[in-house]
Engineer: 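Take this structure, written in C-alpha cells, and hold onto it; I'll ask about it next.
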Amino acid sequence: MTVRTKLIAGVALAAASLGLASLGLAGAAQAQTKEVQMLHWWTSGGEAAALSVLKKDLAAEGYAWKDVPVAGGGGDAAMTALKAMVANGNNPTASQMLGYTVLDYAAAGKMGDLTELAKSEGWDKVVPAPLQKFAVSDGKWVAVPVNVHSVNWLWINKAVMDKIGGTEPKTFDDFIALLDKAKAAGVTPLALGGQDWQEATMFDSVVLSTGGPEFYKKAMNDLDEASLKSDTMKKAFDNLAKLKAYVDPNFSGRDWNLTTAMVIKGDALVQVMGDWAKGEFKAASKTPGTDYICMRFPGTDGSVVYNSDMFGMFAVPDDRKEAQVALAKATLSKSFQSSFNVVKGSVPARTDVPDTDFDACGKKGIADLKKANDGGTLFGSLAQGYGAPPAIATAYKDVVDKFFNGQIKTSDEAVAQLVKAIDEAK
Ligand code: GAL
C-alpha cells in the first residue's frame, strides 16, 4: 500500500468510525483533501516550465493544484503575501521559502510536521546535512527541499564571446578585462537588473572572489564584525563599484529574467546570476557549450554559494494533510528530483540522483556541490536567505543597493552602514 492509499484508507476508516460513511460524507471529506494550495514566485518562463512538472505529477495522482503565484524574483513580495495569509489563519498547503524564513515560521509554531513521512522515506540519509539544518526544526521535518541552486555563476553568450575574441576569465581582474573588451566592441558587457536582490546576489560572488572562502564564511555566514568592516570587505565593495561601469542605461528595476533574455538574445555578453538563469536558456532551447557558457564567477572555483527552494509545509486542518503528504512525497522522489531540476537549472536536493539527464552545466553543478559539501566550501548565500535570518538579509540587500546606486558613496561608508544595519536587524 502506498502512503497515499494508506492515508485514503485512514480517512475512510476515521469517517466510518464516526458513522459518516453511511451519510455519504466520507466522499466529501476526501474531495477536500484533494487540493494542493501552493504559494510561490516562479512566474518566469523557465520557472513556470519547472513548476508544471510538479503540477503534472500531482495531477496524475489525482490532486488539484491551486496556484498562488506572487511575482518578484528573490521572493520578497511573495513573503509579504505569505505573512498576510498566515496572519489571517489562511495557511497554504505549502509555500516556496528560503532557509532562514522556514526556521522563523517554525519558531512561530506555524509549520506542520512531516516527520512520519520523512522516516518512512529515509530523507535523513539522502538530503545533504546543510539542507536538513533548514528543513528540520526541533527534530521535526517542517519543509521539503526542492532543489539546490547556487549563485556564483557567469552566464555568457557564446556568439558574443567569440565575436569579441574573449576567453574565460580566471580572476576578477580578468573579468574586468573581458567586460572592457565587450564595451570596446559596442556590446552591453554586463546584463544586470537593478533590483536590490539581484545586486546583492551578484555581490555574494564578488565577496567570495575578493576575500576567498574563509573570508566569505566569516563575513557572510558568521557575521563576524571584524571581517564585515575589514579592508577586504572594502575591497569587495570597490570591486562591486567597478562593475557599475558595464551595465546598460536601462538596468534600473529590470526583472532578472528579462535581463537573462538580453544574454540569450546576444544583446549583452554576460549575466552574474543564480542557476535559475539556466532555466531561461533551456526554455529558449539553448544548449550549453554551443549557445552559451556557464562557468563559476571568476576567483570562486571550488566554492559553492548555495540556496535551496524549500516547500515549507504549513500546519493545516486534518482534512488537508493527505494532499500535503502527497506533495511532500512527490517533491522529494528521486525521479522528480531529476525531471524538475533538469528544467529548473538547479541540482537535486538528494545525494543519490544520477546526473544522466542533466546537461553539461547541470552535471558541473552536481559535481561542484558534492565537492564543496565534502570539502567544507559550501556556503549559504546571504542574498538568498541562507546566510542569516531574513531581517539581516534585508539589511544587507539595502546597503548593497544604496551603494550600487550611489546613495552610499564610498566603500568606507558602505562597511560602516552594513555593520550598523546588521546590528540593528539582530
Ligand atoms: C530565487 C529562487 C529561485 C528563483 C529565483 C528568481 O530566490 O531560489 O528558485 O526562483 O529566486 O525568481
Side-chain angles (χ1 to χ4, degrees), residues 38-54 67-82 94-102 130-131 134-135 143-153 155 191-205 253-261 263-264 271-283 304-312 331 336-337 340-349 361-362 365 369 379-390 393-394 396-397 400:
M38 165 76 81
L39 192 147
H40 62 87
W41 62 92
W42 283 337
T43 55
S44 79
E47 291 171 331
L51 195 59
S52 66
V53 177
L54 182 57
D67 210 33
V68 189
V70 183
D76 286 339
M79 290 303 95
T80 305
L82 178 64
S95 172
Q96 180 188 358
M97 295 165 101
L98 299 173
Y100 278 96
T101 308
V102 175
L131 301 193
F134 296 98
V144 176
V146 193
N147 59 18
V148 185
H149 272 302
S150 55
V151 305
N152 55 320
W153 289 103
W155 306 95
L192 176 72
Q195 297 173 341
D196 63 358
W197 75 270
Q198 292 186 61
E199 295 152 357
T201 299
M202 179 168 83
F203 190 52
D204 280 357
S205 294
R254 184 171 46 218
D255 287 336
W256 71 271
N257 53 315
L258 303 180
T259 308
T260 309
V263 178
I264 293 175
Q271 183 182 26
V272 181
M273 187 43 76
D275 39 18
W276 46 90
K278 206 198 76 182
E280 300 304 301
F281 283 93
K282 175 136 180 97
V304 170
V305 179
Y306 83 97
N307 77 337
S308 160
D309 292 302
M310 301 256 169
F311 288 164
T331 300
F336 172 78
Q337 283 286 321
F340 174 88
N341 286 306
V342 159
V343 180
K344 184 68 171 71
S346 39
V347 304
C361 303
L369 175 65
F379 307 114
S381 159
L382 184 51
Q384 288 290 328
Y386 280 80
T394 301
Y396 166 70
K397 286 185 269 190
V400 171

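Side-chain atoms are counted along with the backbone in the values below, which use heavy atoms only and exclude waters and symmetry mates. For ligands, and for the atoms within them, numbers begin at 1 and follow the listed sequence.
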Engineer: Kindly confirm or rule out an N or O of Trp197 lying under 3.5 angstrom from an N or O of ligand 1.
Structural biologist: no
Engineer: Which atoms of ligand 1 have any heavy atom of Asp309 under 4.0 Å away?
Structural biologist: 2 (C), 3 (C), 8 (O), 9 (O)
Engineer: Would you say Gln384 has any N or O atom under 3.5 Å from an N or O of ligand 1, going by distance alone?
Structural biologist: yes
Engineer: So is Gly75 in contact with ligand 1, going by heavy-atom distances below 4.0 Å?
Structural biologist: no
Engineer: Under 4.0 Å, heavy-atom basis, I'd like to know which part of Asn307 is in contact with ligand 1: side chain, backbone, both or neither.
Structural biologist: side chain
Engineer: Determine the interplanar angle of the Trp197 and Trp276 rings, folded into 0 to 90°, and report it as parallel if under 30°, tilted if 30 to 60°, perpendicular if over 60°.
Structural biologist: tilted
Engineer: Provide the number and element of each atom of ligand 1 under 4.0 Å from a heavy atom of Trp256.
Structural biologist: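 Those atoms are 6 (C), 12 (O).
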Engineer: For ligand 1, which is the ligand I care about here, please tell me if Trp41 has any N or O atom under 3.5 Å from one of the ligand's N or O atoms.
Structural biologist: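 Between Trp41 and ligand 1, an N or O pair is found under 3.5 Å apart.
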Engineer: Would you please classify the geometry between the Tyr386 ring and the Tyr306 ring as parallel, tilted or perpendicular, with 30° and 60° separating the classes?
Structural biologist: tilted
Engineer: How about Ser346 and Asn341: does a side-chain donor come under 3.5 Å of a side-chain acceptor?
Structural biologist: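 Indeed, the side chains of Ser346 and Asn341 share at least one donor-acceptor pair under 3.5 Å.
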Engineer: Provide, to 0.1 Å, the distance between atom 10 (O) of ligand 1 and the closest protein heavy atom, together with that atom's residue and name.
Structural biologist: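 Atom 10 (O) of ligand 1 sits closest to the protein heavy atom Glu47 OE2, 2.5 Å.
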Engineer: Determine the minimum heavy-atom distance between Gln384 and Gly74, stating which atoms define it.
Structural biologist: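 Heavy atoms of Gln384 and Gly74 come nearest at NE2-CA, 4.4 Å.
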Engineer: Quick one: which ligand 1 atoms are inside 4.0 Å of a heavy atom on Lys344?
Structural biologist: 3 (C), 4 (C), 9 (O), 10 (O)
Engineer: Can a donor-acceptor pair be found, under 3.5 Å and without considering hydrogens, that links the side chain of Gln198 to the backbone of Arg254?
Structural biologist: yes
Engineer: Indicate the atoms forming the closest heavy-atom contact of Trp155 with Val263, along with that distance.
Structural biologist: O-CG1, 3.6 Å
Engineer: What atoms of ligand 1 come closer than 4.0 angstrom to any heavy atom of Gly73?
Structural biologist: 6 (C), 12 (O)
Engineer: Show the nearest heavy-atom pair for residues Thr331 and Phe336, with the distance to one decimal.
Structural biologist: O-CD2, 3.1 Å
